[in-house]
Amino acid sequence: MGLFRSSHSDRGGFRRASFGTLFVVGGIAAGVLMGVPMMHQSMTSTHAPVSLSCIELLRDGIPKHTSIIILQDAQVHPPGEMALNLGEQADSPMLGKVQTVLAHPRAAVVVDRLVRGDVLPRGMTRRPGPQPLRLSPGRETADVALKETEETGALVVHVSEDPTAKLICKAASGLSLPIPESMRRAAEIPAFSLHPASLIAAPREAWSWCVGSVLAIVLGLILCGSSQIGWWALFSPVSALIGLPGVILRGGRGGTITWTISLTVGFAGLAAGYHLAFEMGRLGQTGGIWIWQSAGLLAASCGAAAIVGTLLSIRAKRLHHTEDALSAITPAVNSKKSKRSRSKNDPSSDGPTTTSRPAALQSMISANDYTRRYLDPRLNVSANMETNRDVQQQTDSLERLQFDAPLIIELARGEDTIEATVQVGCQNLVMAMTDCLDENLRLRMVSILDDGHVVISGNGEDDRLTQAISGDASSLQVFSTSKAAKLVTKHLEIAAEIAEKRHAKIVTLAPSEWRDLIHYSERCMADTLHHAHLEKWDISEASYGRFAFPPRDVAVLAMA
């Protein structure tokens, strides 16, 4: 949902989705099994206790004004070493296997947390099968309750309805599974879960479990939502489904309408969580319903994830806007009309130009200490099969020079997207890019030396490529010409001279490397402009196939 910007690495997306799924599952388990019960018990622990007998509790149910009961005649029957036998169910082969597994010494810790003690009226004989009054899970809980009854003769407990038997019978009936008679009889009798009041968690501990589980679920949803879908979705469909709602916000997608809808859904989720937990689940009230309380926690978590994801998507949108604010001033300061008139009046001029930026703009750039992190432009193959007429003329002239057929691509920075053509030719030594922006035909030729140095030539219509500059990463040249064929000739001459000075050779380029070539040449050009104090960037290391920044030797070489 925007926490991580788009990445071309399927492996990275799989790792994020995997960790996100673990956070979601862990958060749900912690919140539903621990946080919600602890919070409900903590909130109701301040109720005034009522003294009842076990028979009165079974007959009349939980009092309306309190959940804290003092059972005067309670007798605790602690669980045995293997208290998992439920009457006729003992004959089931499946339960026999389960009992065998749980009887293993290594399963002792799990068994101690699962077994439940029973509470019966004093003097009543314990019968086989589920009992209507049962302590909350845990052998330690039963020990505490037994000690309390031995010392005081009574048991102070938090009482809540126990729908376990009813749910099991309902699920078995829906699946057409046989239901043991003892379980059927237990489902017909009201059942209650008793938790010793002395073991009720403190409010701070209960809040910690609930808030921690919500944060884990929110983080997990964001991680899954920000993961790019790839091959891993076939092997981990659960992670892909969890992250599916985040597609509309992924990588800064969407606009004002999408963000408004997402925020509305988020706040609606928070409101639904409150309604489910407090109104329907009666959280903190007598007769609370655990299922609705848990549903409220999950709804609130999803709502919070939608809100946080929207805010992160807005942030990612701003970070994707790689055009510096000062660079945006350039079109307003530089007169494009004068550029066009210069090209029309002197189309044959092919000497290198040294047009510099206006003094006012350059002064602002030099005085400003703000440095923006450099991000690669987004590249995609365009669905458009036709190009601008002027662009078509130039690509045709390049094809006559044995360049490849033009590939039409979309090059996007922030919210601005332009269409350009890419061609590789001159024995695969030059990559040519052509586009038309605001009626200005922009030409660019790119070659790379075997030491990683990039040679870039333009026709002066690109606002970033307006003067000849040499740097460690690249050499920029500008020629006043509107014809691609002439620019190719001048570019090869300059590239040969630079290669000779650097004792290097020009690398052959593969047409399939157009993405790597554009990303690498753009990053090297940004580095050169930065060191020339024309732009300010924070440029990190990056790798694009066999090219890497900072420049290093390229693997495959060719004689020029």
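FYI, the numbering just counts along the sequence from 1.
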Result block: side-chain N/O donor-acceptor pairs under 3.5 angstrom for residues 20-37, not counting sequence neighbours:
from, atom 1, to, atom 2, distance (Å)
Thr21, OG1, Ala17, O, 2.8
Thr21, OG1, Ser239, OG, 2.5

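- For the ring-ring contact (aromatic ring centres under 6.0 Å, His included) test, no residue two or more places apart in sequence or in another chain qualifies with Phe267.
- At distances below 3.5 Å, not a single donor-acceptor pair connects side-chain atoms of Asp435 with backbone N or O atoms of Glu419.
- In this structure, the side chain to side chain contact (heavy atoms under 4.5 Å, CB included) partners of Leu492, at least two apart in sequence or on a different chain, are Cys426, Val430, Val488.
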Under 3.5 Å donor-acceptor pairs involving side-chain atoms of residues 391-401, not counting sequence neighbours:
from, atom 1, to, atom 2, distance (Å)
Gln392, OE1, Thr387, OG1, 3.1
Gln392, NE2, Asp396, OD1, 2.9
Gln392, NE2, Asp396, OD2, 3.4
Gln394, OE1, Ala484, N, 2.8
Gln394, NE2, Ser482, O, 3.3
Thr395, OG1, Val391, O, 3.2
Thr395, OG1, Gln392, O, 2.9
Ser397, OG, Gln394, O, 2.6

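- Considering only residues two or more places apart in sequence or on other chains, Val211 meets the side chain to side chain contact (heavy atoms under 4.5 Å, CB included) condition with Trp207, Leu215.
- Partners of Ser457 by side-chain hydrogen bond (donor to acceptor under 3.5 Å, both in side chains), not counting sequence neighbours, listed by chain and number: His491.
- With sequence neighbours excluded, the residues forming a salt bridge (Lys or Arg N to Asp or Glu O under 4.0 Å) with Glu493 are Lys490, listed by chain and number.
- Residues passing the ring-ring contact (aromatic ring centres under 6.0 Å, His included) test with Phe19: none are found, sequence neighbours excluded.
- Every residue meeting the salt bridge (Lys or Arg N to Asp or Glu O under 4.0 Å) condition with Arg444, not counting sequence neighbours, appears here in chain and number order: Asp462, Glu522.
- The ring-ring contact (aromatic ring centres under 6.0 Å, His included) check on Phe547 picks up Tyr520, with sequence neighbours excluded.
- By the ring-ring contact (aromatic ring centres under 6.0 Å, His included) test, Phe549 is found to be paired with no residue, residues two or more places apart in sequence or in another chain being considered.
- Looking at residues two or more places apart in sequence or on another chain, you find a side-chain hydrogen bond (donor to acceptor under 3.5 Å, both in side chains) between Ser475 and His453.
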